[in-house]
Amino acid sequence: MLFKQQALLRQKLFVLGSLAIGSLLYLVARVGSLDRLQPICPIEGRFGARSQAEIPLRALQFKRGLLHEFRKGNATKEQIRLHNLVQQLPKAIIIGVRKGGTRALLEMLNLHPAVVKASQEIHFFDNDENYAKGIEWYRKKMPFSYPQQITIEKSPAYFITEEVPERIYKMNSSIKLLIIVREPTTRAISDYTQVLEGKERKNKTYYKFEKLAIDSNTCEVNTKYKAVRTSIYTKHLERWLKYFPIEQFHVVDGDRLITEPLPELQLVEKFLNLPPRISQYNLYFNATRGFYCLRFNIVFNKCLAGSKGRIHPEVDPSVITKLRKFFHPFNQKFYQITGRTLNWP
Ligand code: A3P
């Protein structure tokens, strides 16, 4: 009898204990996510026409969660009006380079409370069909934001597509342009790896990188291969410079963004005239992924998708040497034009 009572008591204590721990965990999660979930900020009316330096960052941080909800398309017309939300054309665009780390850069910049990202690649300026839909179509593709925030989009195809510089210039001749680059041979191999993975997914075979990158007739670098052409950064940049002065570009070192993201992000904050708000707290190294991941707050953090950071196939070292030799003079020109030396081999 006594034993039965003791067992009952133990059971009750266990249930009570679980409830207490559950409530505590809930409270911690709730407090941690308040800045994402807070519905209405009472100081909204004070925003008015502030200069960029006066961006009310704390308040914006406070309302990110709300924006996140609206991004999912849940906003009613009343909420949009109430919160003074707008869909703004981008003030800055990550124009490339494909496989340079464009997604990581966009996601990391989105840690800044004054930045709102367009989640999808919109392909407005490089796709004739989309471009024909007009600028209002493009604007409607942008996320909701507060007027003081800046919207950023990324479409890496912009960098290499002939018509894009003129089209962007027509939209906004003073727009800020971000180019994230990696050592050209590594970038070309990364580009190849992505295509190879696509083929494998469809059970198709594909050529080896060496066969594509080297012309078997001449034994020289095959400049017709797209992954090689994309890595001749200076050739593409020269087309852009017909429309925009070099001061409107900022080069991000994609290799350093992998190993040491914060200083690269701080340079971008400066370029965009944003007060420094991204800190080491927002970035933590995830040993399993082998990359830095993002921490928005105590509860919400995320790593990039598994498709970012693929293992590259092994490439014949003599091909790598040949490619590096080939890219060398183009790299020198790129450093000279941009004023950023990247010490590539
Ligand atoms: P790899 O897959 O070759 O490693 P993009 O977004 O332009 O397609 O670039 C993809 C590249 O971003 C990846 O190339 C990866 O190396 C790089 N990258 C940079 N920072 C990263 C991060 N924090 N997490 C995952 N990938 C990152």
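Read the numbers this way: they start at 1 and go in the same order the structure lists the ligands and their atoms. Position 1 is the first residue of the sequence, and the numbers go up from there.
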Specify the closest pair of heavy atoms between A92 and L272, including all atoms of both residues, with the distance to one decimal.
CB-CD2, 3.7 Å

Show the nearest heavy-atom pair for residues E183 and P345, with the distance to one decimal.
CG-CD, 3.8 Å

Is ligand 1 less than 4.0 angstrom away from at least one heavy atom of [X]?
X	result
H312	yes
M108	yes
P156	no

Between [Y] and [X], do the side chains contain a donor N or O and an acceptor N or O under 3.5 Å apart?
X	Y	answer
K176	Q248	no
Q194	S190	no
Y158	E121	no

For [atom], which protein heavy atom lies nearest, and how many Å away is it?
atom	value
atom 20 (N) of ligand 1	A104 CB, 3.4 Å
atom 4 (O) of ligand 1	G309 CA, 3.2 Å
atom 12 (O) of ligand 1	G101 CA, 3.4 Å
atom 7 (O) of ligand 1	T102 OG1, 2.6 Å
atom 22 (C) of ligand 1	F291 CD2, 3.6 Å
atom 23 (N) of ligand 1	Y292 O, 2.9 Å

Does ligand 1 come near enough to [X] that some N or O of the ligand is less than 3.5 Å from an N or O of the residue?
X	answer
R289	no
S307	no
R98	no

Does the side chain of L304 reach to within under 4.5 Å of the side chain of F291, using non-hydrogen atoms?
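Heavy-atom side-chain distance check fails, nothing below 4.5 Å.
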
Can you sort out which atoms of ligand 1 are near R103, meaning under 4.0 Å from one of its heavy atoms?
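Here the atoms of ligand 1 in question are 6 (O).
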
Atoms in ligand 1 flagged as close to G100, the criterion being non-hydrogen separation under 4.0 Å:
7 (O), 9 (O)

Under a 4.0 Å heavy-atom limit, does Q194 contact ligand 1 with its side chain, its backbone, both, or neither?
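No part of Q194 comes within reach of ligand 1.
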
Please work out whether any backbone atom (N, CA, C, O) or any side-chain heavy atom from C-beta onward of R182 is under 4.0 Å from ligand 1, and answer side chain, backbone, both or neither.
side chain

Can you confirm whether or not the ring centre of [X] sits under 6.0 Å from the ring centre of [Y]?
X	Y	result
Y225	Y192	no
Y233	W344	yes
Y284	Y292	no

Within 45° cone and under 6.0 Å: R98 NZ/CZ vs F159 ring:
no

Could you check whether R167 makes a cation-pi contact with Y131, meaning its NZ or CZ is under 6.0 Å from the centre of the six-membered ring and within 45° of the ring axis?
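Verdict for Y131: a cation-pi partner in R167.
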
Determine, considering heavy atoms only, which of L304, I258, L283 sits nearest to atom 16 (O) of ligand 1.
I258

